[in-house]
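This structure is a prediction, so every number in the text was calculated from the model and none was measured. First the proteins, then the strands, lettered A, B, ... as listed; each starts at 1.
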Amino acid sequence: MPEKTYDPNAIELKWAARWEDPALYQASADATRPKYYVLEMLPYPSGRLHMGHVRNYSIGDALARYMWMRGYNVLHPMGWDAFGLPAENAALKNNRQPREWTLSNIEHMKKQMKRLGFSYDWAREVATCEPEYYRWNQWFFLKMLEKDLAYRKDSLVNWCPECATVLANEQVVEGCCWRHEQTPVEQRALEQWFLRTTAYSDALLDEIKQLEAGWPERVLTMQRNWIGRSEGSEVDFEVEGGGTLRVFTTRIDTIFGATCVILAPEHPMAAALVRAEDKARLKSIIDDPGRKDPKQLDKEGFFTGHYAINPFNGRMVPIWIGNFVLMGYGTGTIMAVPAHDERDFEFCTKYGIEVRPVVRPVDDILPLVVGSAFPDEGIVESSGPFSGLPSAEARRQMNAMAAEKGFGKSAITYRLKDWGISRQRYWGTPIPVVHCKACGIVPVPESELPVRLPLDVQITGAGDSPLASHAGFVNTPCPRCQAPARRETDTMDTFIDSSWYFYRYCDNTNSGAPFESSRIAYWFPIDQYIGGVEHAILHLIYSRFWTKVMRDLGLISNAEPARNLFTQGMVLKDGAKMSKSLGNLVDPDEIVARFGADTCRLYTLFAAPPEKDMDWNDSSVEGQSRFLGRVYRFVTRNVDRRGVAGEPGAADRRALRKLHQTLKKITGDFDGRWHFNTSIAALMELVNELYLVEGEMTGSSMGSVLNTLVLMLAPLAPYMAEELWEELGHQGPVFRQAWPVFDEDLAREDEAEVVVQINGKVRARILAAHGTPGEILESMALEDAKVAPQLEGRQVMKVIVVPGKLVNIVIR
RNA sequence: GCCCGAGUGGCGAAACCGGCAGACGCAACGGACUUAAAAUCCGUUUCCCGGCAACGGGAGUGUGGGUUCAAGUCCCACCUCGGGCACCA
């Protein structure tokens, strides 16, 4: 049969139509087969896929298809992280209703995904903006409220006076509003909803152990840092004239060197302690936008006029306000020990506060004059009964004493804070509570869920959430006393949506519960989660938190959502992240239109190993298209040669040998490092070799070569593989066929090539039968025509033989 | 400042356990096919030196040292780039 010309669009459109069959990628629980849950992070439906998505999903799709071929029961779902601010911005800018805008984006992106040939079970699709989904956000919120894991408190938020609304941290640019670049953002106290993530600090930290085998070390380190567990002590300093200030310190052993106490400016007692004439100064420190950026900040502060008493030695120390003290960490109050802390040293020397050394280096004396802080551990001195003790022992005894006398204790603090989830926005999950004058905050009864987001709202971009001015939404009878009341108008942070969506995939049509536990028990944990490293902290910590809460609610039994995590690299163009503003976007649609989806996918896998950043190169893409054309022509022109009789010869052996060497390589890549770039290189080598021996091959090897080649291609270039599988006369789908079996004997070279080195430099190569003993190799090497002359008159000191590989002759 | 990761041809990269550096692809060049071009097929391509040539010699994986018969790979110091964290008391 004459070869056919490769026309990617004709082939791919034909199969894309057939792949509309929802049964094709459908997963259902099956106790007879091992399950495999492969998950890629769901996209925000911004309107179009970008190359980062294509890369992420090409990796996941290759894996899903491979696991199918290995006989696993594969779950491979997809959904939409569909709530969020861009929908409101689009509403403002283009006068489109957020839901309508979001759904039309989803429609387009889904079309793109289908065109790219990703093997998703669309029957399990989830869009988080639909009431069928977000009602369970609300349900979980009520459960957390019951368990005291959700609560309300005053907190400081970023407030833009111009917009008259709260800003997310990401919307504060250099201390100013992103929309009003001249307007400094103020800190305002506002009542907000929080989830008690800190109740799980230790679980989140300790259960990282379960992830060490399957998550990148880098991500786990980032999470450990984020949780930031720190062991120390809390000590109460009595304020002269009434009250107590509690400080947190990790270095209680230096407490005899404390020469002042410093409060964060936001500290609740700060306003009461500062003199009337300093009130304005205090406010200006609080609102100073420079405090967001510690690098730029000069340490500043002032004396309050009050003193506190160090309980260890009874000494009076001045109480200061300091702009570098964080309210959000520890107790918001520190004891300054300038002799042993660099920051305290900087602050105290600036304001002429006493520096009193109390720790000496183990092999040195206590200095009289201090030129810089000595922050290391050492031997405690000038510290009453504790003098002479090493730092660690001093801490132990001081903690014990503080506890005994009741003015302190050992304590642990965390950097991790409770999760503030209130957003004064429209396009998110309504928080299901009602504010009643008589009853206070009343949860919406479960039976009344979902609290639906009204669709007929005016989005102005200023002031409160648009929900606040929607009378039909706001006005509601109190669920408890039926008196007129107001609904909560804040919505939930969208990170809630993505914290548990992968559970919903397992049972996405359930209208009586978020999911049925037995389904989770079958599919969980996720066997492989794939996404960008930019989610290492927020999404992946919230997801872990949510999983632990659900476990403690008795809904699931797994402690962690995902056994394995893979973080793929970014897609760059000209060394920079692709972005609209840089004008270096590459549109997947254009690539698909020009070369087809197989080429596009193959290139994202070929250009770099998946965990590394890859730089997009237009002309390099063509190489993948060329390769697919070579495969296509080879297979189509040789289909009919499969049955042709003939004595198998050297060409057949060569073809089969390379075939099985390639199979070994690719199987190893899938089971190991996922370096698909080398898998594809191996396939190219195979095809190159086949072109060379093609003319001499007989029907005896052609059949197995064609079949195995197409099967190996199936996870990487699914359209091509499916088309050729049909050309070969088989019933599809190709990704449901068994992965080919590796044959060691066919893969083996006839003879081993052994490198002969003299003093480490390659001088000759010899061929020897496999298993040739070392002594024989050594004498073959020494007698070799190229080697022997170079040994004339030299003394052979040593010969190192690595059987089957190398002989190194050391001469003098 | 601290903690990771990386640095290999003109370019993207490979070398997985210390054993032939540069597989595979891009680009470039040469040849075949063609009236011509594209496409395709077959070659060459790390650099330097010698040779008409097959070939031979030398250098070479950011820099400097070290370990080893043997180092891109291991150890020490440094440089550059990327990422994360950063008054966390």
J.: Suppose you measure atom P in B:C16 against the same atom in B:A6; what distance do you get, rounded to whole Å?
T.: 14 Å
J.: Between B:G22 and B:C75, how far is it from one C1' atom to the other, in whole Å?
T.: 26 Å
J.: Suppose we screen for side-chain hydrogen bond (donor to acceptor under 3.5 Å, both in side chains). Which residues come up paired with A:R626, at least two apart in sequence or across chains?
T.: none
J.: If you check the A:I334 side chain, which of B:G19, B:A89, B:C16 turns out closest?
T.: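 The nucleotide sitting nearest to the side chain is B:A89.
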J.: Base, sugar-phosphate, or nothing: which does A:D341 touch, judged by heavy atoms less than 4.0 Å apart?
T.: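 The residue A:D341 makes no contact with any strand.
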J.: Report all side-chain donor-acceptor pairs from residues 789-811 of chain A shorter than 3.5 Å, counting only partners two or more places apart or in another chain.
T.:
{"residue": "A:R794", "atom": "NE", "partner": "A:R812", "partner atom": "O", "Å": "3.4"}
{"residue": "A:Q795", "atom": "OE1", "partner": "A:R812", "partner atom": "NH2", "Å": "3.3"}
{"residue": "A:N808", "atom": "OD1", "partner": "A:G760", "partner atom": "N", "Å": "3.0"}

J.: Can you sort out the partners of A:S625 under side-chain contact (heavy atoms from CB on, under 4.5 Å), two or more places apart, ordered by chain and number?
T.: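 With neighbours one apart ignored, the set is A:F595, A:T599.
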J.: Summarise how protein sits on nucleotides 22-28 of chain B as a single string, 5' to 3': B when a protein heavy atom is under 4.0 Å from the base, S for sugar-phosphate-only contact, - for no contact.
T.: -BBSSS-
J.: Heavy atoms from C-beta onward define the side chain here; which of B:G19, B:A89, B:A21 lies closest to that of A:F248?
T.: B:A89
J.: Which is true for A:E346 with a 4.0 Å heavy-atom rule: it touches a base, it touches only sugar-phosphate, or it touches nothing?
T.: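 Contact class for A:E346: none.
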J.: Scan residues 662-672 of chain A for pairs that pass side-chain hydrogen bond (donor to acceptor under 3.5 Å, both in side chains), counting only residues two or more places apart or in two chains.
T.: A:Y66-A:D671, A:K665-A:D669, A:K665-A:T678, A:T667-A:W739, A:D669-A:T678, A:D669-A:S679
J.: Which is it for B:C17, anti or syn, if anything within 90° of zero counts as syn?
T.: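 Base orientation relative to the sugar is syn.
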J.: Taking only residues two or more places apart in sequence, or in another chain, which ones meet A:E751 in a salt bridge (charged side-chain N to carboxylate O under 4.0 Å, His left out)?
T.: none
J.: Return yes if some donor-acceptor pair links the side-chain N/O of A:R55 with the main-chain N/O of A:G569 below 3.5 Å, else return no.
T.: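 Yes, the answer is positive, given that a donor and an acceptor are paired below the 3.5 Å cut-off.
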J.: Of the options B:C42, B:G19, B:A13, whose atoms approach the side-chain atoms of A:K612 most closely?
T.: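 Closest nucleotide to the A:K612 side chain: B:A13.
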J.: In whole angstrom, give the distance that lies between atom OH of A:Y691 and atom C1' of B:U40.
T.: 9 Å
J.: Which residues pass the side-chain hydrogen bond (donor to acceptor under 3.5 Å, both in side chains) test with A:T333, sequence neighbours left out?
T.: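 For A:T333, the residues satisfying side-chain hydrogen bond (donor to acceptor under 3.5 Å, both in side chains) (neighbours in sequence not counted) are A:H267.
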J.: With no hydrogens and no angle check, is any side-chain donor or acceptor of A:H340 less than 3.5 Å from a backbone partner on A:V359?
T.: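 Yes.
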J.: If the glycosidic angle is within 90 degrees of 0 it's syn, otherwise anti, so just tell me which one B:G57 is.
T.: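 In terms of base orientation relative to the sugar, B:G57 is anti.
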J.: Consider ring-ring contact (aromatic ring centres under 6.0 Å, His included). Of A:F303, A:W320, A:F302, which one does A:Y351 pass it with?
T.: A:W320
J.: Pull out every protein N or O sitting under 3.5 Å from an N or O of nucleotides 64-66 of chain B, one pair per line with the distance.
T.:
none

J.: If the threshold is 4.0 Å, N to carboxylate O, is there a salt bridge linking A:R251 and A:D253?
T.: yes
J.: Check whether NZ of the Lys or CZ of the Arg A:R637 lies under 6.0 Å from the centre of the six-membered ring of A:Y691 and within 45 degrees of that ring's axis.
T.: yes
J.: Return the value, rounded to whole Å, for the distance between atom CD of A:E234 and atom C1' of B:A89.
T.: 12 Å
J.: For nucleotides B:G57 and B:G64, find the distance between their C1' atoms and express it as a whole number of Å.
T.: 28 Å
J.: Given atom CG of A:L806 and atom C1' of B:G19, what is their separation to the nearest angstrom?
T.: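 Rounded to the whole Å, the gap is 5 Å.
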J.: Give each protein N/O atom lying under 3.5 Å from an N/O atom of nucleotides 57-59 of chain B, with the pair distance.
T.:
{"residue": "B:G58", "atom": "OP2", "partner": "A:R763", "partner atom": "NH1", "Å": "3.4"}
{"residue": "B:A59", "atom": "OP2", "partner": "A:K761", "partner atom": "NZ", "Å": "3.4"}

J.: Decide whether A:R544 and A:Q223 meet the rule of one side-chain donor and one side-chain acceptor closer than 3.5 Å.
T.: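 Note: A:R544 and A:Q223 side chains meet the donor-acceptor criterion.
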J.: What about the rings of A:F606 and A:F676, do their centers lie closer together than 6.0 Å?
T.: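 No.
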J.: Mind calculating the distance between CZ (A:F634) and P (B:C41) to the nearest angstrom?
T.: 12 Å
J.: Tell me the interatomic distance from A:N323, atom CG, to B:A89, atom C1', rounded to whole angstroms.
T.: 15 Å
J.: Return the 5'-most residue of the pair A:R415, A:G332 with respect to RNA chain B, ranking by each residue's nearest nucleotide.
T.: A:R415
J.: Taking B:U73 as the reference, what is the distance to B:A15 when you measure between their P atoms (whole Å, please)?
T.: 15 Å
J.: Let me know the distance between CD1 of A:I800 and P of B:C20, rounded to the nearest Å.
T.: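 Answer to the nearest Å: 14 Å.
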J.: Using the P atom as the point on both nucleotides, what is the distance between B:A77 and B:C3, in whole Å?
T.: 12 Å
J.: Please list, in numerical order, the residues of residues 211-227 of chain A that have a heavy atom closer than 4.0 Å to any atom of RNA chain B.
T.: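 Result for residues 211-227 of chain A: A:R218, A:M222, sorted by number.
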J.: Taking the side chain of A:L692 as its heavy atoms from C-beta onward, which of B:C16, B:G19, B:G43 lies nearest to it?
T.: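 The listed nucleotide nearest to A:L692's side chain is B:G43.
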J.: Decide side-chain contact (heavy atoms from CB on, under 4.5 Å) for A:F407 and A:F237; before the verdict, give the C-alpha distance in whole Å, the side-chain angles of both, and the deciding distance to 0.1 Å.
T.: CA-CA 8 Å; A:F407 58 72; A:F237 282 61; over 6 Å; no
J.: According to a strict under-4.0 Å criterion, is A:K805 in side-chain N/O contact with OP1 or OP2 of B:G19?
T.: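 No, outside the criterion.
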J.: Got a salt bridge between A:D618 and A:K573, using NZ or NE/NH1/NH2 to carboxylate O under 4.0 Å?
T.: yes
J.: Heavy atoms only, 4.0 Å cut-off, all strands: where does A:V755 land among base, sugar-phosphate and nothing?
T.: base
J.: Can you tell me, in whole Å, how much space there is between the P of B:C49 and that of B:G62?
T.: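 Pairwise P distance, B:C49 against B:G62, rounds to 24 Å.
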J.: Quick one: the dot-bracket string of RNA chain B, using Watson-Crick and G-U wobble pairs with both distances under 3.5 Å, [ ] for crossing pairs and | for bases paired to another strand.
T.: (((((((..(((......[....))).(((((.......))))).(((((....)))))..(((((..]....))))))))))))....
J.: Given side-chain contact (heavy atoms from CB on, under 4.5 Å), test A:I319 with A:L263 step by step and report yes or no.
T.: CA-CA 8 Å; A:I319 301 172; A:L263 269 63; 3.7 Å; yes
J.: Tell me: NE2 of A:H675 to P of B:C16, nearest whole Å?
T.: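 Computing the A:H675:NE2 to B:C16:P distance gives 11 Å.
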J.: Holding to salt bridge (charged side-chain N to carboxylate O under 4.0 Å, His left out), I want the full list of residues that pass it with A:D750, two or more places apart in sequence or in another chain.
T.: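 Applying salt bridge (charged side-chain N to carboxylate O under 4.0 Å, His left out) to A:D750 gives A:R657.
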J.: Provide, to the nearest angstrom, the distance between the CZ atom belonging to A:F627 and the P atom belonging to B:G12.
T.: 22 Å
J.: Identify which nucleotide among B:C87, B:A14, B:G12 has an atom closest to any side-chain atom of A:L326, counting heavy atoms from C-beta outward.
T.: B:C87
J.: Tell me whether A:K299 forms a cation-pi arrangement with A:F347, defined as NZ or CZ under 6.0 Å from the six-membered ring centre and within 45 degrees of its axis.
T.: no
J.: Answer yes or no: is there an ion pair linking A:E3 with A:R630, defined by an N-O contact shorter than 4.0 Å?
T.: no
